[in-house]
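Starting from 1, each residue takes its place in the sequence as its number. Remember, predicted model here, so these are calculated numbers, not experimental data.
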Amino acid sequence: MTTSVKIRRLPHGADLPLPSYQSAGAAGLDLYAAVDAPMVLQPGERALVPAGIAIALPPSTEAQVRPRSGLAARNGVTVLNTPGTVDADYRGEIKVILINLGQEPFGIERGARIAQLVITPIAHAELHEVDDLEATERGAGGFGSTGTK
């Protein structure tokens with residue numbers, strides 16, 4: 001399945017590649033850092049990193065900003081609000097909230113792949129207020145109540 005998405009390069013991202021899939025089966029488009037100068041994320045520090053693009057999603061879709069597994073596994077760098085949601089009616093720049101949960105400073109160079117963008121359909125809920133909910137075997141148990149196996 002493919003979805004048509006309009007994309008606009010912003011002036012500070014004009015020389016960067018457009019987001020791209022790195023393999024035929026990849027779910028996410030890699031986003032690139034549109035920073036003017038290299039930056040360093042100290043351990044425990046977070047930063048809003050611009051991607052240099054804006055998109056127009058079709059109705060009933062969203063874009064999810066997700067971490068890159070390699071950055072998380074090797075450096076402890078991840079997306080703080082995972083997944084970050086880009087709504088279909090948002091037209092501003094996509095930015096990534098990165099946090100360094102690792103032990104060492106992490107450098108971000110212009111053009112570095114910093115996150116991935118997954119385009120997915122959404123369903124709007126039609127809420128119906130009731131006095132009681134149907135009983136289930138699980139009931140109100142949560143936060144590990146179903147066991148670890």
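By the rule that hydrophobic residues join a cluster once side-chain heavy atoms approach within less than 4.5 Å of another member, Ile94 and Leu10 end up as members of separate clusters. Hydrophobic clustering places Ile7 together with Val86 (ILVMFWY residues linked when any side-chain heavy atoms are closer than 4.5 Å, directly or through intermediates). Met39 is not connected to Tyr32 by any chain of hydrophobic side-chain contacts under 4.5 Å among Ile, Leu, Val, Met, Phe, Trp and Tyr, and they are in different clusters. Hydrophobic clustering (ILVMFWY, side-chain heavy atoms < 4.5 Å, transitive): Ile55 and Tyr21 are in one cluster. A continuous path of ILVMFWY side-chain contacts below 4.5 Å connects Val35 to Leu98, so both sit in one hydrophobic cluster.
Around CZ of Arg46, the count of heavy atoms belonging to other residues, nucleotides or ligands within 6.0 Å does not exceed 12. Crowding of Glu104 atom CD: a count of heavy atoms from other residues, nucleotides or ligands under 6.0 Å not exceeding 12.
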Go through it in stages, so that I can follow the logic: the residues are Val77 and Ile108, the test is side chain to side chain contact (heavy atoms under 4.5 Å, CB included), and I'd like the CA-CA distance, side-chain angles, deciding distance and then a yes or no. CA-CA 11 Å; Val77 174; Ile108 302 170; over 6 Å; no
As a quick check of understanding, evaluate side chain to side chain contact (heavy atoms under 4.5 Å, CB included) for Ile99 and Leu41, giving each step before the final call. CA-CA 7 Å; Ile99 187 165; Leu41 271 182; over 6 Å; no
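Side chain to side chain, Glu126 and His124 fail the donor-acceptor criterion of an N or O pair below 3.5 Å. Using modelled atom types and a 3.5 Å distance limit, the side chains of Ser20 and Gln22 yield a donor-acceptor pair.
In this structure, CD on Gln64 lies 11.0 Å from CG on Asn81, to the nearest 0.5 angstrom. Rounding to the nearest 0.5 Å gives a distance of 9.0 Å between CZ of Phe106 and CZ of Arg74. Between the NE2 atom in His12 and the CD1 atom in Ile53 there is a gap of 9.5 Å [rounded to 0.5 Å]. To the nearest 0.5 Å, the span separating CG on Leu57 from CD1 on Ile122 amounts to 9.5 Å. Between Asp30 atom CG and Leu18 atom CG the span is 12.5 Å, to the nearest 0.5 Å. To the nearest 0.5 angstrom, Asn100 atom CG is 12.0 Å from Leu80 atom CG.
Between the side chain of Arg110 and the main chain of Leu16, no donor-acceptor pair closer than 3.5 Å is present. No side-chain donor-acceptor contact under 3.5 Å links Arg138 to the backbone of Ala135. Distance alone, capped at 3.5 Å, is enough to place a donor-acceptor pair between the Glu93 side chain and the Gly52 backbone. Between the side chain of Gln116 and the backbone N or O of Pro67, at least one donor-acceptor pair lies under 3.5 Å. Between the side chain of Arg68 and the backbone N or O of Ile114, no donor-acceptor pair lies under 3.5 Å.
At a threshold of 4.5 Å between non-hydrogen side-chain atoms, the residues Asp87 and Thr85 count as touching.
Nearest heavy atom pair, residue Pro50 against residue Leu48, reads CD-O, 3.7 Å. Looking at every heavy atom in both residues, Ala115 comes nearest to Val96 through CB-CG1, 3.8 Å. The two atoms that bring Ala88 and Pro59 nearest to each other are CB-CA, 4.4 Å, heavy atoms only. Contact between Pro58 and Thr3 at its shortest, heavy atoms only, is CG-CG2, 3.4 Å. Ala63 approaches Ile119 most closely through the heavy-atom pair CB-CD1, 3.6 Å. The two residues Ala33 and Glu109 come nearest to each other via the heavy atoms CB-O, 3.7 Å.
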